[in-house]
Structures are given as C-alpha cells and as structure tokens.
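Only a predicted model underlies this, so the values are computations on that prediction, with no experimental measurement involved.
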Amino acid sequence: RAAMAEIRATEQRLSARMQWPFWRHLAAGLGIGVLIFSQTLEGGLSVFASFGVVLFALYLKNDDKKRHGMFVSGLIEGRARWITYALIALGLAACLYVRIGMNEPQREQPLFWVLLAAMIIATTALSFLWQRVYQRELRGHGR
C-alpha cells in the first residue's frame, strides 16, 4: 500500500509539471501546417520542408529533455493516445487531400488556405486537449 501511495503521489507531482506553454502547442500546429503547405511545393522542396519538420520535432524533443529533464511522447499508454492517433489521421488526410485531391495550383484556391488555417488551429487545440487528458490520467481520473 505504501508503494502504491508513493506511486500516486509521484504521478500527482508529475501531472503538475506537465504544463507546456502556448508556444509549444502552437509549434505542433505550425508543424502540421508546414507539412500541409509542403504538399504544394515541387519535387525536392516538398521533401526538404517535410524533413525540416522532422528536424524541428527532434529539436523540440531535445529541448524538452534539457529544459524539463524529460520528454513525453504522444504515443504513451492511456486515454491520451487516441488524440495522438486522431492528429496523425487528420494530418495525413489533409496532406493527401492537398497533394492528390485538390486541383493545382492549390495555393490559389481559398479552400487550401481555409484547410491550412483549420488544421493549424485544430492541431494546436488537440495538443492542449492531449495535455489535459494526460494530466487528468496522471491524477488518477479516467482510469
């Protein structure tokens, strides 16, 4: 019982530390935005921009480790995982739609800009939701 109580106390302290600033959530939204925008670029530029997003994600991971002493992946066990899968599915669907389903040149179509803005906002909002669900789970709610 004492060990379980200590685990719960540790999870409570961890949930208090799991508070990222707005810019961190926005970074996720902008990353998806760059991936979607990169679908409108020709050849190597598209790959280069997508690779830049991967490098930026690695930078954020390393920054989290330095700044907070840890990195929390969205693919952890628990209820927050569905949000990560939803983000991946939405991002992939948006990229495929822009690349395959939208007439070229995509950037000249108002729908492209609406989709881009909606995905940046949705990803940022889902990042906040992920944080709340994860914190709630650490506090012992929703298990």
Output side-chain donor-acceptor pairs under 3.5 Å for residues 98-106, partner residues at least two apart or in another chain, one line each.
residue: Arg99; atom: NE; partner: Gln39; partner atom: OE1; Å: 3.1
residue: Arg99; atom: NH2; partner: Ser46; partner atom: OG; Å: 2.8
residue: Gln106; atom: NE2; partner: Val98; partner atom: O; Å: 2.9

Checklist entry - Measuring from Trp130:CH2 to Arg81:CZ, what's the distance to the nearest 0.5 Å? => result 11.5 Å
Checklist entry - Taking all atoms of both residues into account, what is the closest heavy-atom pair of Trp82 and Leu129, and its distance? => result CH2-CD2, 4.2 Å
Checklist entry - Pairs in or reaching into residues 24-48: which pass ring pair (Phe, Tyr, Trp, His ring centres under 6.0 Å), with residues at least two apart or in two chains? => result His25-Phe128
Checklist outcome for this item: Rounded to the nearest 0.5 Å, the CG atom of Leu45 sits from the OG1 atom of Thr40 at a distance of 9.5 Å
Item to check | Sequence-distant partners of Ala122, side-chain contact (heavy atoms from CB on, under 4.5 Å), two or more places apart | outcome: none
Item to check | Distance (rounded to the nearest 0.5 Å) between Leu115 CG and Ile120 CD1 | outcome: 9.5 Å
Checklist entry - What's the spacing between Phe112 CZ and Ile36 CD1 if we round to 0.5 Å? => result 7.5 Å
Next on the checklist: Quick check: do Ile32 and Leu90 have side-chain heavy atoms less than 4.5 Å from each other?
Outcome noted: no
Item to check | For Val53, side-chain contact (heavy atoms from CB on, under 4.5 Å) partners two or more places apart | outcome: Val34, Leu35
Item to check | Which residues share a side-chain hydrogen bond (donor to acceptor under 3.5 Å, both in side chains) with Thr124, sequence neighbours left out | outcome: none
Checklist entry - Leu55, Trp23: one ILVMFWY side-chain cluster at the under-4.5 Å cut-off? => result no
Item to check | Separation between CG of Leu116 and CH2 of Trp113, rounded to the nearest 0.5 Å | outcome: 6.0 Å
Item to check | Heavy-atom closest contact (Ala94 atom, Met119 atom, distance) | outcome: CB-CG, 4.0 Å
Item to check | Residues which pass side-chain contact (heavy atoms from CB on, under 4.5 Å) with Leu92, listed by chain and number, not counting sequence neighbours | outcome: Leu96
Item to check | Contact check, side chains of Leu60 and Trp20, non-hydrogen atoms, under 4.5 Å | outcome: no
Item to check | Euclidean distance, Leu26 CG relative to Ile121 CD1, rounded to 0.5 Å | outcome: 10.0 Å
